[in-house]
Amino acid sequence: SEAAARAAERFIGNQGRDVEAWFHRRGDLGGTQKECSAALVIGRPSVCARVHALEQQGRLVKTDRRRDGCQVYRRA
């Protein structure tokens, strides 16, 4: 619904925009939540929540790849 989309966008906020931009800069190489957290100096739980929300909105895609034991995501 439209209300759910607005609520998700508010939740994503500035951290989510930073997380999304980081994955977009990585291109097809993608990245893990662990890599993103280290690069942006944002706590892993916060990155995890933003990645999940961005994935639910179709803005990030979970790949079949793993790196350093972690799931790799890429831009949609």
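Values in this document were obtained by computation on a predicted structure and should not be read as measured data.
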For residues 22-29, which side-chain N or O atoms pair as donor and acceptor with protein atoms under 3.5 Å away, sequence neighbours left out?
| residue | atom | partner | partner atom | Å |
| --- | --- | --- | --- | --- |
| Arg26 | NE | Gly30 | O | 2.9 |
| Arg26 | NH2 | Gly30 | O | 3.2 |

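- When every heavy atom of Ala76 is checked against every heavy atom of Gly58, the shortest pair comes out as CB-O, 3.0 Å.
- Taking the side chain as every heavy atom from C-beta outward, Tyr73 and Thr32 never approach each other to under 4.5 Å.
- For the pair Glu35 and Arg67, the salt-bridge criterion is met [side-chain N within less than 4.0 Å of a carboxylate O].
- Side chain of Gln71 to main chain of Thr63: a donor-acceptor pair is present (N/O by atom type, distance under 3.5 Å, no hydrogens or angles).
- Cluster annotation: Leu40 is not connected to Val72 through the hydrophobic network of ILVMFWY side chains, with a link wherever side-chain heavy atoms come within less than 4.5 Å.
- Interatomic distance, Arg59 CZ to Arg75 CZ, rounded to the nearest 0.5 Å: 15.0 Å.
- Contact record, Ser37 with Arg44: OG-N, 3.5 Å, taken as the closest heavy-atom pair.
- Side-chain contact check for His52 versus Cys48: every heavy-atom pair is 4.5 Å or farther apart.
- Note that CD of Gln15 and CD of Glu20 are 14.0 Å apart. Values are rounded to the nearest 0.5 Å.
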